[in-house]
Novice: 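Structure incoming, see below.
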Amino acid sequence: MAKPSFSCSACGASFTKWSGRCEDCGEWNTIGQYAGLSVGPAKTSLGAKRGRAVTLTDLASDETPPPRACSGIDELDRVLGGGLVPASAILVGGDPGIGKSTLLLQAAAAFARKGLKTLYVSGEEASAQVRMRARRLGLADAPVQLAAETNLRDILTTLEAEKPGLVIIDSIQTMWADNVDSAPGSVSQVRASAHELTTFAKRTGISVIMVGHVTKDGQIAGPRVVEHMVDTVLYFEGERGHQFRILRSVKNRFGAADEIGVFEMTGAGLAEVTNPSALFLSERGTPSPGSVVFAGIEGTRPVLVELQALVAPSPHSQPRRTVVGWDGGRLAMILAVLEARCGIPFAGLDVYLNVAGGLKISEPAADLAVAAALLSAREDQALPADTVVFGEISLSGALRPASQTENRLKEAQKLGFTSAIAPAGGKTAAGTDIALKRPSDLVGFVGEFFGAG
Ligand code: TYD
Ligand code: MG
């Protein structure tokens, strides 16, 4: 009898016995028994039986790659790395109700109108529901072909016959591969369906976009390996209460990762936001303590965003540290550096940090802006108006220059800012009139702007 086989749903590592924690990735409670992709583990090694010799080519071939297809939705095309690459597999993840189906129906219509034969397969909604949404979005006349189907075998057979340029699968969790003995949505079904669709894309040259649901902790539900299989992983993010939606590439074999596209959810679907800085700063009132404008870079584009901090005496023995839109560990580090290097304690104080507009920032260049917001809130002292801040803080309290200083400053100038605080050492920006203040370390920064430390 074949040994039972267990695998980790987070990293895909396989084991011969169950355990509570995956030895490979360290995740807890992710190991489960699964029915493998093929008939099961091989009983012998590959052995002496010969395979087929693979044809080798060299790097310099004279085939010109087929051109990328553009949808005309610039925010989408840019996140894809400049359009859709033929034969690519793309995974779009996001919370339920965030607007994935809306985005992809609009994308399908846009690609179809540009002459790319497009098929939209919905496993979640009936064709009538998709048609109703298309009518509401004013897309009813787009030459998109629809199917409401979950049987992967039937879908692949249809694709072989129809030969579209692009197929959209909404969603991968509803697909059912009949060669795998478990329910749709299970780890092995999701893995098998994604594998089938990805290899199908490579074999036939059809681009496949798959929708993936996201679990509570923000990962695409199903095995991590799905993210490794596909060429591009995009996340569609946003706060439910806000109308802004951000499409972010977290992996892209054909373009820059961390590129973002910004959309606004309106009554008639998603509208592109071509000037995100203006949007993120639109809710900003008069400069107040705790509010600082960070000049960031998202992918290839500069984006200005407001950071808001609140520091208040804590009634708890364990003061609160609450962060929205930034990394909690990084906040703890900044607080520790401020305390150790500048002698500014935050013990006994609750600290709240929020990135306005629902954007999530991962750049270390936000360190200095975060420190500025925290100090400004703590000292109840607003920074000079029309000032942007950026720069990285090291554990020693030294400041490191951020990349693309020039682009950040140009964007700030475009939006009417007149001065910037950034670490010394970075390239100075030719061609901007922004007054640069360049503290050499954190102590200097605190002394200059908050008169303490
Ligand atoms: P949907 O695309 O169904 O989300 P997902 O596929 O990610 O689950 O979007 C659902 C939400 O979007 C729903 O709450 C209503 C809202 N919406 C609008 O505000 N305007 C629109 O034009 C459409 C189609 C949806
Ligand atoms: Mg949906």
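Numbering of ligands and ligand atoms starts at 1, following listing order.
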Novice: Pick whichever of Ser101, Ala268, Gly93 has a heavy atom sitting closest to atom 6 (O) of ligand 1.
Specialist: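 Looking at heavy atoms only, the winner is Ser101.
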
Novice: Write out the residue and atom name of the closest protein heavy atom to atom 3 (O) of ligand 1, then the distance separating them to 0.1 Å.
Specialist: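 The closest one turns out to be Arg133 NH2, 3.2 Å.
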
Novice: Regarding Ser171, does it place an N, O or S atom less than 2.8 Å from the Mg ion (ligand 2)?
Specialist: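 No, outside the cut-off.
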
Novice: Between Asp170 and Ser122, does any side-chain donor sit less than 3.5 Å from a side-chain acceptor?
Specialist: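 Per modelled atom types, Asp170 and Ser122 side chains form no pair under 3.5 Å.
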
Novice: What protein heavy atom lies closest to atom 11 (C) of ligand 1? Include the residue and the distance to one decimal.
Specialist: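 Result: Gly97 O, 3.5 Å.
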
Novice: Quick one: which ligand 1 atoms are inside 4.0 Å of a heavy atom on Met265?
Specialist: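 Atoms satisfying the 4.0 Å criterion: 12 (O), 16 (C), 17 (N), 18 (C), 19 (O), 20 (N).
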
Novice: Can we say Glu237 and Arg248 salt-bridge, meaning some charged N sits less than 4.0 Å from an Asp/Glu carboxylate O?
Specialist: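 Salt bridge: yes.
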
Novice: With no hydrogens and no angle check, do the side chains of Gln243 and Thr266 hold a donor and an acceptor under 3.5 Å apart?
Specialist: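 No, no side-chain donor-acceptor pair sits under 3.5 Å.
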
Novice: Counting from 1, what ligand 1 atoms have a heavy atom of Leu137 closer than 4.0 Å?
Specialist: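 Reading through ligand 1 atom by atom, the close ones are 22 (O), 24 (C).
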
Novice: Salt bridge check: are Lys117 and Glu162 linked by an N-O gap of less than 4.0 Å?
Specialist: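 The answer is yes: the pair qualifies as a salt bridge.
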
Novice: When you measure from atom 4 (O) of ligand 1 to every protein heavy atom, which one gives the shortest distance, and what is it?
Specialist: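 Looking at atom 4 (O) of ligand 1, the protein heavy atom closest to it is Gly99 N, 3.1 Å.
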
Novice: Any donor-acceptor pair under 3.5 Å linking the side-chain atoms of Thr150 with those of Thr174?
Specialist: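 The answer is no; no qualifying pair exists.
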
Novice: Should the pair Arg133-Glu125 be classified as a salt bridge under the 4.0 Å nitrogen-to-oxygen rule?
Specialist: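 Glu125 and Arg133: salt-bridged.
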
Novice: At less than 4.0 angstrom from any non-hydrogen atom of Asp95, what atoms of ligand 1 do you find?
Specialist: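 Those atoms are 7 (O).
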
Novice: Does some non-hydrogen atom of the protein lie less than 4.0 angstrom from atom 24 (C) of ligand 1?
Specialist: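 Protein heavy atom within 4.0 Å of atom 24 (C) of ligand 1: present.
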
Novice: Between Arg320 and Asp350, is there a donor-acceptor pair closer than 3.5 Å when you use the side chain of the first and the backbone of the second?
Specialist: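 Answer holds: no.
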
Novice: For atom 21 (C) of ligand 1, state whether the nearest protein heavy atom is under 4.0 Å away.
Specialist: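 Answer yes: something from the protein, a heavy atom, is under 4.0 Å.
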
Novice: Which atom names give the shortest non-hydrogen contact between Gln173 and His213, and what distance separates them?
Specialist: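 Here Gln173 and His213 meet closest at OE1-N, 2.9 Å.
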
Novice: Heavy-atom pairs closer than 4.0 Å: do any link ligand 1 to the side chain of Thr266, the backbone, both, or neither?
Specialist: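 The part of Thr266 near ligand 1 is the backbone, not the side chain.
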
Novice: Please list, in number order, the atoms of ligand 1 under 4.0 Å from a heavy atom of Thr102.
Specialist: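 Taking each heavy atom of Thr102 in turn, ligand 1 has 1 (P), 2 (O), 9 (O), 24 (C), 25 (C) under 4.0 Å.
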
